[in-house]
Amino acid sequence: QVQLQASGGGLVQAGGSLRLSCAASGFPLHSYTIGWFRQAPGKEREGVSCINSHGGSTSYTDSVKGRFTFSRDNAKKTVYLQMTSLKPEDTAVYYCAAGRRRVVGGCPRPGDMEYWGAGTQVTVSS
């Protein structure tokens, strides 16, 4: 059974940091593109960062470049999103997702992802 379980969200002041984790099970992590997505109230779900399958590249949306770092530990079947210098506009529910689509230099669209975990709320206060 495929499962993705995200954790690590919380309330933090602007300028602070959080690390999100996503534990995966039921599928070969290295064979899938893993992405972090977020959805703020009243907005569409957007891609934040992704790591392409089979040791592929890591991509970030422009608004988080230099502040967020995506890493994966295939042995632990866990991926992480280290978020620093957080801003109020980063407030959203964050989701991890997996899919077999690879996008050179970018991330798949939410609709291309096959498996989703439950989200974790990140709230950044000003």
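In this chain, residues are counted from 1 in sequence order. Only heavy atoms go into these numbers, but all of them, side chains included; no hydrogens, no water, no symmetry mates. Because the structure is predicted, anything quoted here is derived from the model rather than measured.
- Checked by atom type and distance alone, the side chain of Thr120 pairs as donor or acceptor with a backbone atom of Gly9 at under 3.5 Å.
- Side-chain N or O atoms of Arg72 include one that pairs as donor or acceptor with a backbone N or O of Leu29 at under 3.5 Å.
- Partners of Asp73 under the salt bridge (Lys or Arg N to Asp or Glu O under 4.0 Å) rule, at least two apart in sequence or in another chain, do not exist in this structure.
- With sequence neighbours excluded, the residues that form a ring-ring contact (aromatic ring centres under 6.0 Å, His included) with Phe37 are Trp116.
- Scored by the ring-ring contact (aromatic ring centres under 6.0 Å, His included) test, Phe27 finds Tyr32, Tyr115 as partners (sequence neighbours excluded).
- Counting heavy atoms from C-beta outward, Pro108 and Met113 have side chains that approach closer than 4.5 Å.
- Each disulfide (SG to SG under 2.5 Å) pair with one or both residues in residues 73-102, not counting sequence neighbours, appears once here: Cys22-Cys96.
- Between the side chains of Thr84 and Gln82, no donor N or O sits under 3.5 Å from an acceptor N or O.
- A distance-only check finds no donor-acceptor pair linking the side chain of Asn52 to the backbone of Val104 [under 3.5 Å].
- For the pair Thr33 (side chain) and Ser53 (backbone), a donor-acceptor distance under 3.5 Å is present.
- For residues 28-57, the set of pairs meeting the disulfide (SG to SG under 2.5 Å) definition, not counting sequence neighbours, comprises Cys50-Cys107.
- Scored by the salt bridge (Lys or Arg N to Asp or Glu O under 4.0 Å) test, Lys43 finds no partners at all (sequence neighbours excluded).
- Looking only at atom types and distance, the side chain of Arg38 has a donor-acceptor partner in the side chain of Tyr94 under 3.5 Å away.
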